[in-house]
Amino acid sequence: MARKKAEKKVTRKDPAIDTTIVEHLACLEINNLILQPPFHLVSNIQWNDKGISFDGEILVYNDKKLVKSNAIGEVRVQVKGTTTYKKVHKKDKIKHSVKKEDLEVYYKFGAGVLYFVVTINPTTFEKQAYYRILAPLDLKKLLLELNNNDNDSITLSFKKLEKGYLESLCNTVIDVVKKQPQHYIEASEEMKFTNYKVDFIDVKKDSFNLFEETAYIYGFTADNMGFPLDAAQVAVLKRGETESVLLNDEEVNITYEITETEKNFKVIIENTLSIDLNKEKRSGRFNLGKLRTLGSYVKCLQIINYYMEHNKLPFHSFHLGGGMDKKNFEDIEEDIKSHKELIEVCGQIGINENYIFSDEEDLSSLFNGIIQVFKNKQYELLNIRNQEKLEGIRPYLIELSDYVKVRLMYTGDKFINFYSKEALTTMGGLIPKTGLTREHEQGNKMSGSLPDNWEDYYLRVSIYSAQNVEEMVKDANFDFDIIKLSFSDEYHDIKATFTINVSLNFINYYDKFRDKKYLELALELNQRHLTEFPKDDIPKVNIYLIELMKGHELSEEEQADILDIQERAENNKNQQLRFACEILLGSKVKAQRIFESLENEEKEEMMEFPIYHFYTQLR
């Protein structure tokens with residue numbers, strides 16, 4: 001094998017251009033750009049300038065009559081020339097190094113600088129100007145970066161300057177510098193602000209690029225005085241919306257989040273379907289994630305199906321230009337049909353389409369089981385605790401998987417959702433009007449055949465009265481609105497004395513999990529009960545406790561009422577009620593003394609009440 005001859009390295013001999021000439025040519029180019037119609041700019045740029053870091057100024061007017069009254073301001077400039085054989089004039093941006101000592105001077109003078117770099121071809125002498133606005137906030141940020149890195153210079157990006165844009169550029173510099181006085185920048189470090197504003201530089205309004213432009217951040221004080229805080233560059237832009245779109249002739253609300261960078265779009269739909277699109281290649285793909293909720297999953301399937309039929313997405317608020325990969329979705333219509341059927345069957349047992357399934361769930365096994373049992377009525381497959389024999393008109397807690405359990409009512413031939421209006425009308429809770437003390441009333445209910453005049457002997461009560469609130473909430477088919485409905489006059493007689501005890505369960509649940517709707521339900525029950533029994537002090541105490549738990553202060557009239565309750569409690573030697581009153585009045589020391597005087601049984605009973613937990617938090 002013959003050895004290749006060594007190729008001679010051809011080197012281009014640069015024509016001799018002195019740096020003085022380069023700088024002169026650069027200044028000539030900037031002056032040429034200044035002297036453009038409508039002639040509102042006047043150059044004060046010297047090619048052999050000996051000033052400190054600046055090469056002069058551009059005077060800006062708002063009229064072709066160049067008189068003082070028409071002057072807007074002046075822009076300090078720096079002009080650098082550089083030679084290159086590359087056709088840089090075709091580039092939109094170039095890189096150029098700037099010295100730290102120059103940046104320090106620019107910042108010290110507090111007027112910012114419009115920095116020009118002019119590239120010159122040594123052979124053709126073709127010139128192209130590039131610019132960078134260095135406002136006071138930009139300078140502060142760059143100096144901080146240089147100090148942190150212990151560097152003497154920094155390489156910056158410069159944008160191409162086209163003819164006709166310099167006047168707009170100068171006006172922008174003047175406006176930005178006015179908003180960024182140096183003493184305001186320094187003062188802002190010690191101030192607190194109530195709100196903030198972000199301003200972008202927009203010189204070429206027809207081609208604004210959010211990811212290229214500088215964002216200036218301003219803080220505003222309570223009296224609306226603005227202070228310059230920082231200069232930033234947008235790297236990622238996120239926005240989320242809910243939009244109503246038409247899918248198969250049906251209006252559907254779709255929630256999505258768009259993440260945009262300079263090169264990519266990413267849309268996450270219903271937290272399930274992601275769309276990745278490369279802006280440069282104008283192509284992307286669908287990524288269908290694991291099912292979280294049945295409703296969201298079906299929406300995502302429908303969106304993919306819509307794209308396959310129309311070659312576009314159904315959204316109005318955004319459009320993704322480019323082609324999407326349609327592979328792996330050939331059976332999309334069959335998938336939509338099967339998941340809609342699953343939504344219907346799950347709805348029969350109270351698992352709504354918005355229920356969030358565990359990430360650890362074996363969804364295929366779970367869904368197959370639900371179809372077999374509740375669509376095909378193969379009840380022998382059910383996992384019922386202790387393998388009980390099914391009996392009519394009674395609730396069952398059924399574990400469908402390690403993560404999903406439902407409470408259902410068996411009516412004799414089918415299961416229905418325990419948390420439903422159908423359950424409320426099928427099964428009633430009853431307690432005798434007399435013969436039961438408050439301690440024994442809770443948990444008693446009666447169902448079955450009743451005499452025609454049963455209302456003479458019994459009170460109707462919510463079928464959920466005896467259920468543990470914390471346990472119910474764990475059920476996949478739990479519905480708070482049905483619980484609340486069950487305590488309405490139609491299903492619950494508010495005169496039932498144990499209503500107050502039930503309300504305490506809701507207060508305790510709020511105290512533990514901070515879900516306000518339970519506190520509001522407890523308040524409503526106590527208020528309704530007090531309407532029936534206006535002389536009962538217990539619901540009054542509960543109402544005042546709820547107001548305090550909500551962060552409200554008791555009025556003088558309410559405090560006076562509590563003192564009246566306390567006086568009645570003393571007369572009746574009711575130490576527990578006295579203890580509660582002292583807590584409501586914020587007297588922890590007095591409350592503690594009363595609590596210590598209680599019998600052990602009374603103490604244990606009191607510790608179960610929400611008033612005791614509120615007492616432990618008093619200071």
All ring-ring contact (aromatic ring centres under 6.0 Å, His included) counterparts of [X], not counting sequence neighbours:
{"X": "H40", "value": "none"}
{"X": "Y297", "value": "H339"}
{"X": "F513", "value": "Y509"}

If I compare all heavy atoms of V177 with all of G110, which pair ends up nearest, and what's the gap?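 V177 and G110 have their closest heavy atoms at CG1-O, 4.1 Å.
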Quick one: closest heavy-atom pair of T194 and T221, and the distance?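 Heavy atoms of T194 and T221 come nearest at OG1-O, 3.5 Å.
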Suppose the criterion is salt bridge (Lys or Arg N to Asp or Glu O under 4.0 Å): which pairs have a residue in residues 62-85, not counting sequence neighbours?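 Counting only pairs at least two positions apart or across chains, no salt bridge (Lys or Arg N to Asp or Glu O under 4.0 Å) contact touches residues 62-85.
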Can you list every salt bridge (Lys or Arg N to Asp or Glu O under 4.0 Å) pair that touches residues 99-110, not counting sequence neighbours?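 Checked against salt bridge (Lys or Arg N to Asp or Glu O under 4.0 Å) - neighbours excluded - no pair reaches residues 99-110.
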May I ask you to test the [X]-[Y] pair for a side-chain heavy-atom distance under 4.5 Å?
{"X": "I258", "Y": "K238", "answer": "no"}
{"X": "M191", "Y": "F193", "answer": "yes"}
{"X": "L291", "Y": "F357", "answer": "yes"}
{"X": "F200", "Y": "V234", "answer": "yes"}

Any sub-3.5 Å donor-acceptor pair from [X]'s side-chain atoms to [Y]'s backbone N or O?
{"X": "N305", "Y": "L301", "answer": "no"}
{"X": "Q128", "Y": "L161", "answer": "yes"}
{"X": "N32", "Y": "L28", "answer": "no"}
{"X": "N148", "Y": "L144", "answer": "yes"}
{"X": "H310", "Y": "Y306", "answer": "yes"}
{"X": "K299", "Y": "N253", "answer": "yes"}
{"X": "Q180", "Y": "L137", "answer": "yes"}
{"X": "Q559", "Y": "L554", "answer": "yes"}
{"X": "S168", "Y": "Y165", "answer": "no"}
{"X": "K160", "Y": "K93", "answer": "no"}

Side-chain donor-acceptor distances from residues 266-275 under 3.5 Å, at least two apart:
from: E270; atom 1: OE1; to: S296; atom 2: OG; distance (Å): 2.7
from: E270; atom 1: OE2; to: T255; atom 2: N; distance (Å): 2.8
from: T272; atom 1: OG1; to: E270; atom 2: O; distance (Å): 2.9
from: S274; atom 1: OG; to: N287; atom 2: O; distance (Å): 3.4

Measure centre to centre between the rings of [X] and [Y], then say whether the value is under 6.0 Å.
{"X": "Y131", "Y": "Y115", "answer": "no"}
{"X": "F220", "Y": "F227", "answer": "no"}
{"X": "Y61", "Y": "F39", "answer": "no"}

Test item: side-chain donor near acceptor, N354 and T293, under 3.5 Å: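 No, because no side-chain N or O of N354 sits under 3.5 Å from a partner of the opposite role on T293.
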Consider only side-chain N and O atoms of E558 and Y544, and report whether a donor and an acceptor are under 3.5 Å apart.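 No, Y544 and E558 have no side-chain donor paired with an acceptor closer than 3.5 Å.
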Once you measure the plane-to-plane angle for Y307 and F286, does it fall in the parallel (<30°), tilted (30-60°) or perpendicular (>60°) bin?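 Answer is perpendicular, since the angle exceeds 60°.
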Tell me whether the NZ or CZ atom of K517 lies within the 45° cone about the ring axis of F480 and under 6.0 Å from its centre.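 Yes, a cation-pi geometry.
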Taking only Lys NZ, Arg NE, NH1 and NH2, and the carboxylate oxygens of Asp or Glu, determine whether E186 and K140 approach each other closer than 4.0 Å.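 A salt bridge is absent here (no side-chain N lies under 4.0 Å from a carboxylate O).
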